[in-house]
Amino acid sequence: MRILTRQLTQHVGQKVSVSGWLHKKRLMGGLTFIVIRDRSGVAQALIKDKAEVEKLRGLQVGTVLQIEGVVAEDSRAPGGVEIHEVGLKIEVPVEMEPPIEIDKPLSHESDNLDTLFEYRVVGLRSPREQAVFKVQAEIGEAVRQYFRRSDFTEIRTPKLLAAATEGGAEVFKIDYFGKEATLAQSPQFYKQMMVGIFERVFEIAPVYRAEPSATTRHMTEYISADGEMGFINIEDLKKFLSGLLNAVADDLWEYCPGQLNEWGATKPVLPKEIPSLSMAEIHQKYTEATGENTVGEKDLRPEEERFICEYAAKNLGSEAVFVTDWPADEMKFYHKAQDGRTEFADRIDLLFRGVEIATGSMREHRYDVVMKQLQSMVGADPEDPGFKYFLLAMQAGMPPHGGFGMGLERLTQKMLGLSNVKEASLFPRDINRLAP
RNA sequence: GGGCUCGUAGUGAAGUUGGCCUAUCACGCCUCCCUGUCACGGAGGAGAUCGCCGGUUCGAAUCCGGUCGGGCCCGCCA
């Protein structure tokens, strides 16, 4: 019966069988050490029998094999146990020399990312690479649990859409049986429509952006964690996001200490309520600090995002910060302007460790107003199938509501301290990579 | 889309004000030695027409032009 490598300590003195991949071999004359990898980790086996060692001749790392032997405690063995009196059974011999070495850290230098992604199917076998995605899986789990604890219903919305979309980012156009369709750049309209049904909904799913961006923080396909809820205001949204980010960090450092340590990650300093700074304040502080005048600009420069995160870490005891008071003339048609301060959108961006990881806003829930905004801001036809059903949902009765979208890979990147968001994607898609 | 920058064995790097390059090193790979390795160690070996095309020159990895492929920043965004 097969056991996992992590279970060896429970079987000292017993004969066991483990299965996995050859991860490393060290031939030392009369002694041969091999390391076997399975889903639970790695373990060492000590082989003395020359005939057993000969079975490995010509076989490379990656060879699938089964090891039978007796578990022995030995302080010289990694982890204190190893397998002795080994009998090997080669399940799948691998003679191909791996294009990259997975038993030591892979280079994540920006110049070498192309190699990293080109050989991704092999490189991900490295325990250190796996750690990134174990962490990402845990983040997804923590996010899901937080939503569910907060009484959200998980939804699945279509990614194939009729042509019209929310505007802003470019969309991918595809041929749909002779008609033009687009790939969803966000679940925006659907999650809002679903507020009229479940009140609180969330989705964790891929979205597509046809932006020709070539930066360390953009991909053309990424996973968005979207939430939307009714009967709230912008302060409720901030509280929710503060709690969410804290919950993710707490969960991660409780359940993934090994993986986080692999990347030298440090737990983010986050107060219970993440502090807010208005865009005007940030421009002001940046201008004072650098002499570079950004006062009056309608967006934050990436340099300002990094600056204000450092400022918040140093002065506000928080590695995350909300940016508030975005100019209303830049807002999207479904956004809501602030009550009594109509020159500002009721919008927040969540900056974490120098990048924007989430954008949230209150939505315009009044049918006649959102209709007017659609026409004046987008110049769109309300009968267009891309907008028609969204408008119907508003007309059918929508409470004040708001929500946000958060980039899962960006969050993973920043939790681990990776320099490029693509490192936090199994198979990143960008302007010039569609495979593997 | 704009700016800057890079391309040398399977991988990572050195060499790039032209000649001493018949291209150096490390990891990996092959053969042999090695009974406690864990980035094992030791001896030997194979592997690169220096991204591609053209040009300048007695001579090009090195200079020039083109081309293909990357990267970083900006714009835009999560």
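First the proteins, then the strands, lettered A, B, ... as listed; each starts at 1.
A/S213 contributes a side-chain N or O that forms a donor-acceptor pair with the base of B/C76 under 3.5 Å. Side chain A/E211 to base B/G75: no donor-acceptor pair is found below 3.5 Å. Counting distance only, with no hydrogens placed and no angle test, the side-chain atoms of A/E82 and the base atoms of B/G36 include a donor-acceptor pair under 3.5 Å. One can find a donor-acceptor pair under 3.5 Å joining the base of B/C77 and the side-chain atoms of A/R410.
Between A/R217 and B/C74 there is a side-chain polar atom (N or O) within less than 4.0 angstrom of OP1 or OP2. Between A/T115 and B/G12, a side-chain N or O to OP1/OP2 separation shorter than 4.0 Å is present. At B/C73, one or more side-chain N or O atoms of A/T216 fall inside 4.0 Å of OP1 or OP2 (strictly under the cut-off). Distances shorter than 4.0 Å separate none of the side-chain N or O atoms of A/S107 from OP1 or OP2 on B/G12. OP1 and OP2 of B/C76 both lie 4.0 Å or more from every side-chain N or O belonging to A/Q185.
Side-chain N/O atoms of A/D325 and A/Q338 include a donor and acceptor closer than 3.5 Å. A donor-acceptor pair shorter than 3.5 Å cannot be found between the side chains of A/R410 and A/T412. Looking at A/E304 and A/H283, their side chains do bring a donor and an acceptor atom within 3.5 Å of each other. In the model, A/S425 has no side-chain atom that pairs as donor or acceptor with a side-chain atom of A/E409 under 3.5 Å. Between A/K159 and A/Y208, the side chains place no donor N or O within less than 3.5 Å of an acceptor N or O (distance only, hydrogens not considered).
B/A78 has A/Y222 stacked on its base ring, the centres lying under 5.5 angstrom apart and the planes within 30 degrees of parallel.
If you take CZ of A/R26 and P of B/G41, they are 10 Å apart, rounded to a whole angstrom. Between the CG atom of A/L27 and the P atom of B/C40 there is a distance of 12 Å, given to the nearest Å. For A/H23 and B/A39, the NE2 to C1' distance is 12 Å, given to the nearest whole Å. Spacing between atom CD of A/E305 and atom C1' of B/C77 amounts to 9 Å, rounded to whole angstrom units. For the pair A/H84 NE2 and B/G36 C1', the computed distance is 9 Å after rounding to whole Å. Atom CZ of A/F33 is separated from atom P of B/U37 by 7 Å (rounded to the nearest Å). In this structure, A/L241 atom CG and B/A78 atom C1' are separated by 12 Å, rounded to whole Å. Between the C1' atom of B/U8 and the CG atom of A/D111 lies a distance of 14 Å, rounded to the nearest Å.
Using a 30° and 60° split on the angle between ring planes, A/F387 and A/F333 fall in the perpendicular class, above 60°.
Nucleotides B/U62 and B/U31 have their P atoms positioned 37 Å apart, rounded to a whole Å. With both ends at atom P, the span from B/A14 to B/A60 equals 24 Å, rounded to whole Å.
Of the candidate nucleotides B/G36, B/C77, B/G28, B/G28 has the atom nearest to the side chain of A/K24. Proximity note for A/Y119 (side chain, C-beta onward) versus B/C29, B/C74, B/G10: the nearest is B/G10. If you check B/A78, B/G75, B/U31 against the side chain of A/R57, the one that comes closest is B/U31. Taking every side-chain heavy atom of A/N112 into account, B/A13 is the closest of B/G36, B/A13, B/C76. Counting only heavy atoms from C-beta on, A/H218 has its side chain closest to B/A78 among B/G10, B/C29, B/A78. Taking every side-chain heavy atom of A/P212 into account, B/G1 is the closest of B/C76, B/G1, B/U11. For A/R209, counting side-chain heavy atoms from C-beta on, the closest listed nucleotide (B/G71, B/C29, B/A78) is B/A78.
Within the nucleic acid shown, A/R306 comes within 4.0 Å of sugar-phosphate atoms alone, with no base atom in reach, counting heavy atoms only. Residue A/A225 is classed as having no contact, given no heavy-atom separation below 4.0 Å to the nucleic acid. In this structure, A/D226 reaches neither bases nor backbone, as no heavy-atom distance under 4.0 Å exists between it and the strands shown. Contact annotation for A/L46: base contact, defined as any heavy-atom pair under 4.0 Å involving a base atom. Residue contacts for A/D349: at a heavy-atom cut-off of 4.0 Å it reaches no nucleic acid atom on any strand shown. Residue A/P99 is in sugar-phosphate contact alone, with no base atom involved, counting any heavy-atom pair closer than 4.0 Å across all strands shown. Base contact: A/M28 has a heavy atom under 4.0 Å from a base atom. Using a 4.0 Å heavy-atom cutoff across all strands shown, A/Q60 reaches sugar-phosphate atoms only and no base atom.
When both pairing distances are held under 3.5 Å, B/C34 makes no Watson-Crick or G-U pair with any nucleotide shown. Base pairing annotation: B/C63 forms a Watson-Crick or G-U wobble pair with B/G55, both donor-acceptor distances under 3.5 Å. The nucleotide B/G28 finds no pairing partner, because no Watson-Crick or G-U wobble arrangement with both distances shorter than 3.5 Å includes it. In a base pair of the Watson-Crick type (N1 to N3 plus N6-O4 or O6-N4) or a G-U wobble (N1-O2 and O6-N3), with each distance short of 3.5 Å, B/G18 is matched with no nucleotide. The partner of B/G69 is B/C6, judged by Watson-Crick or G-U wobble contacts that both fall below 3.5 Å. Taking a pair to require two hydrogen-bonding distances under 3.5 Å in either a Watson-Crick or a G-U wobble arrangement, B/G47 remains unpaired.
Nearer to the 5' terminus of RNA chain B, by closest-nucleotide assignment, is the contact made by A/I431 (compared with the other of A/I431 and A/L113).
Taking the six-membered ring for Trp and the full ring otherwise, the centers of A/F240 and A/Y146 sit less than 6.0 Å from each other. Residues A/F307 and A/Y286 bring their aromatic ring centres within 6.0 Å.
Without hydrogens or angle criteria, A/E82 side chain to A/Q44 main chain gives no donor-acceptor distance under 3.5 Å.
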